[in-house]
Amino acid sequence: MSEKFNKIEDTKSGSEGVNEETLTKSEANKKVTRTDEIAVSVPNSSLYNYHYSCLKWIFYGEVWRLVREGRRGPLTLENMPLPFDYYDINKSLRKMDRLVNKYRQTKTFLKICGKTFKVPLLKIGVLLFFMSLVKLGLVLIIGKIIRLVTDYNLGEDIDKTEMILFTVALGIVIIVKVIIENTYWNYAQTMASKFRFTIVSLLYKKILSVALSSLQELNMGKVLNLISNDLNDVDVGILFLWPMLLSPVILALALLVLWFDYGYLALVGISGTVILNFIQTFINSKTVKPREKKNLITDERVKITNEIVDSVRLIKMYAWEKPFLKIVEKLRDSEYYAYMKLWVLDALGRNSSYLSVYICSYVLFIVYTAVKDDILNSSLVYQTMMILFFVRVWGVLFFHQGRFYYVNFKVISKRIEEILGVKEVVNQDLFNGNKEKAPLYQMHSPEPVIFNHYTGYWKENETKACLTDINMHIKPGTLVGIVGRIGSGKTSLLLSFVKEIPKFTGEHKFSGRVAYVEQEPLVFSGTVRSNVLFGLEYNESLYLKCLEACKLSDDLKLFPKGDMTLIGERGVTLSGGQKARVSLARALYSQSDIYL
């Protein structure tokens with residue numbers, strides 16, 4: 001980078017900065033659009049594979065290609081296949097965002113999630129249904145083969161053709177079972193990850209659009225705990241959704257199969273399983289309040305911990321370590337007891353499902369031998385045990401897990417609704433002075449900035465104005481400096497450009513995109529270049545001109561890796577002036593129309 005900086009030494013123009021000709025819109029070549037009050041990157045079609053066959057999805061065709069290339073030599077980044085377009089969450093994010101804005105007042109977030117992922121969820125349900133049929137068919141075929149082998153060992157005549165047919169059928173059913181089961185788990189786990197990432201992206205989008213006047217309504221401890229801990233259960237919980245919903249169907253299929261061998265006595269084995277289901281439902285219903293209490297305690301602990309970290313110097317100065325330690329330990333003890341109560345209830349429900357097979361089969365065998373006065377054979381015992389094991393896992397255990405995660409997600413969805421309910425940046429119509437919905441940045445050619453009897457208030461019900469009767473007319477290309485004492489409203493005036501004033505009267509007109517450099521500049525964890533680009537496409541000439549205009553080239557020469565030096569929490573510490581220059585370069589690179 002130092003060589004590139006030397007190339008532009010001759011183009012320096014003192015402190016004149018960068019004029020209009022230097023920073024033209026054509027130089028940026030940005031591929032960014034702005035929709036619904038937030039900048040959203042346009043997905044690049046070359047990042048995903050849109051043309052692939054069903055067989056490649058089922059049999060992992062790309063993996064076999066990697067194996068072949070790996071045998072020829074070391075694998076590089078160019079050998080990596082493009083992910084399928086199904087992994088792109090932009091489409092699901094836009095759909096969920098649209099449904100949230102449409103049904104926020106009428107539907108719960110749980111129903112909105114169901115509408116967003118309706119088609120993938122139906123596909124998973126169909127795969128699970130056919131997988132259940134194949135598993136039951138496999139048990140019946142193995143039971144029939146065991147019966148034929150037993151009869152042959154006892155000296156009875158058997159049909160060898162029938163034996164061969166059942167053996168061939170066993171091989172075919174095993175292959176089909178492996179394909180369907182593998183496809184089910186692959187699709188379900190992929191959809192579960194996509195589901196969680198969509199919700200996380202929605203929450204990030206919401207937080208970025210929250211108005212300054214509404215920030216106090218956000219409990220950051222709650223937000224951090226929700227994203228980093230609670231939503232991790234979604235990955236696992238989605239896998240048990242359809243087993244929970246299809247448990248009655250699985251129980252009915254198992255009853256039908258057992259009915260052919262036991263008659264009405266099959267109700268004994270299945271009824272025991274159903275009773276255990278009701279017991280598990282009752283136990284799961286008792287986990288709602290402990291989980292809500294645990295979440296509240298965890299939110300408070302995370303909030304206190306963040307405040308302690310932010311104020312650690314002050315705490316050390318006044319030797320307040322022990323008092324704060326007692327506060328955190330008290331919260332940890334309360335959280336521990338809430339966790340213990342929660343997991344005891346979960347253990348009771350889980351263990352009842354583990355014992356269901358042995359209890360139900362034991363009772364069924366006793367009743368069958370007593371009522372039918374018949375001897376159980378090995379094939380019938382095996383077939384019964386396998387069916388009851390299948391019912392225990394897919395009809396009882398997964399039902400319990402599904403209920404557990406369903407109750408958990410209901411609690412999480414309420415917390416998400418609270419965050420989504422926080423007021424966003426006010427949708428002021430910047431051309432008519434009313435509050436009808438308007439784009440955040442009007443994409444027109446620069447026009448004069450006009451304040452006409454503008455009066456702003458920081459709260460909806462506040463009577464004291466932060467800006468009073470402002471009248472101003474600023475022509476395009478004008479450099480304006482605002483001077484005033486502390487608390488006179490300088491920052492409030494600038495924030496009115498980004499619609500952060502929730503209540504106003506009068507008129508405020510302007511057009512074009514706005515770049516805002518804060519009084520306390522923000523530096524994100526990453527390289528200097530990533531901080532300046534801020535997600536935009538790299539344009540070398542524009543980038544170097546921005547660095548030179550902000551006098552960052554001399555600073556970068558002092559860094560060990562130039563503009564690729566890491567800054568932020570885990571990188572090089574910047575001075576206040578360097579942070580301000582980085583923030584100013586970020587604003588210039590955005591090629592906006594108005595710079596604040």
Side-chain angles (χ1 to χ4, degrees), residues 109 196-197 199-237 287-346 405 407-423 518 520-526 531 566-574 576 579:
F109 184 73
R196 181 170 68 91
F197 290 144
I199 296 177
V200 172
S201 300
L202 181 68
L203 291 176
Y204 275 124
K205 180 180 181 297
K206 174 66 182 182
I207 294 171
L208 289 174
S209 61
V210 169
L212 288 177
S213 57
S214 302
L215 280 179
Q216 58 186 1
E217 300 179 27
L218 278 179
N219 184 338
M220 294 312 298
K222 178 191 293 186
V223 176
L224 291 174
N225 184 41
L226 179 65
I227 294 177
S228 60
N229 295 326
D230 293 346
L231 285 177
N232 290 333
D233 290 342
V234 175
D235 280 355
V236 183
T287 62
V288 178
K289 290 184 178 180
R291 184 168 294 278
E292 291 178 347
K293 182 179 178 182
K294 186 271 298 181
N295 287 335
L296 291 175
I297 297 172
T298 304
D299 293 343
E300 185 65 21
R301 178 181 59 82
V302 173
K303 178 183 176 183
I304 293 294
T305 304
N306 288 334
E307 291 176 353
I308 291 174
V309 172
D310 293 338
S311 308
V312 65
R313 291 185 179 180
L314 190 64
I315 293 173
K316 287 287 187 181
M317 183 183 300
Y318 290 98
W320 287 343
E321 294 93 337
K322 291 185 178 180
F324 279 100
L325 179 61
K326 290 180 180 179
I327 294 174
V328 175
E329 287 180 345
K330 185 178 180 180
L331 290 172
R332 288 293 292 172
D333 291 339
S334 301
E335 187 179 12
Y336 171 76
Y337 289 121
Y339 261 117
M340 285 298 298
K341 185 175 182 180
L342 186 65
W343 289 111
V344 165
L345 292 173
D346 180 55
Y405 285 110
V407 172
N408 186 18
F409 189 69
K410 284 185 69 176
V411 176
I412 293 174
S413 64
K414 291 181 181 179
R415 294 155 63 83
I416 294 175
E417 289 172 3
E418 293 176 1
I419 297 175
L420 295 178
V422 177
K423 291 184 179 180
E518 287 189 318
E520 297 180 2
L522 289 175
V523 174
F524 304 93
S525 296
N531 269 268
L566 289 176
I567 58 176
E569 294 182 357
R570 300 183 180 181
V572 175
T573 302
L574 300 183
K579 290 181 180 179

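Note that this is a predicted model, so its numbers are computed, not measured.
Under the 30°/60° scheme for interplanar angles, the aromatic rings of Trp343 and Tyr339 are found to lie parallel.
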Going through the distances and angles, do Arg415 and Asp299 end up as a side-chain contact (heavy atoms from CB on, under 4.5 Å)?
CA-CA 11 Å; Arg415 294 155 63 83; Asp299 293 343; 2.8 Å; yes
Please determine whether side-chain contact (heavy atoms from CB on, under 4.5 Å) holds for the pair Asn306 and Lys303, giving the CA-CA distance in whole Å, both sets of side-chain angles, and the decisive distance to 0.1 Å.
CA-CA 5 Å; Asn306 288 334; Lys303 178 183 176 183; 5.8 Å; no
Chi angles and distances behind the side-chain contact (heavy atoms from CB on, under 4.5 Å) call for Val200, Leu231
CA-CA 8 Å; Val200 172; Leu231 285 177; 3.6 Å; yes
Does the pair Thr305 and Leu331 meet the rule for a side-chain contact (heavy atoms from CB on, under 4.5 Å), with working shown?
CA-CA 11 Å; Thr305 304; Leu331 290 172; over 6 Å; no
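With rounding to the nearest 0.5 angstrom, the CD1 atom of Ile308 is 10.5 Å from the CD atom of Glu321. Remark: Ile304 CD1 to Lys330 NZ distance equals 11.5 Å, nearest 0.5 Å. Summarising the geometry, atom NZ belonging to Lys293 is positioned 12.0 Å from atom CG belonging to Leu342; distances are rounded to the nearest 0.5 Å. Here CD1 of Ile227 is found 4.5 Å from OH of Tyr204. Values are rounded to the nearest 0.5 Å. How far CD1 of Ile419 is from CD of Glu417: 11.0 Å, rounded to the nearest 0.5 Å. Separation of atoms CD (Glu329) and OG (Ser334) is listed at 12.0 Å; rounding is to 0.5 Å.
Inter-residue side-chain proximity for Phe109 and Leu202 is flagged as met; some heavy-atom pair is nearer than 4.5 Å. Side chains of Asp310 and Glu307 form no contact here, defined as non-hydrogen atoms less than 4.5 Å apart. For the pair Asn232/Arg196, a side-chain contact is recorded, criterion being any heavy-atom separation below 4.5 Å from C-beta on.
Within the 3.5 Å criterion, the main-chain N or O of Glu335 finds no donor-acceptor partner in the side chain of Lys294. Put simply, the side chain of Asn531 gets close to the backbone of Phe524: a donor and an acceptor are under 3.5 Å apart.
When all heavy atoms of Lys579 and Pro521 are compared, the closest pair comes out as O-CB, 3.6 Å. Here the closest non-hydrogen pair linking Pro290 and Ala338 is O-CB, 4.5 Å.
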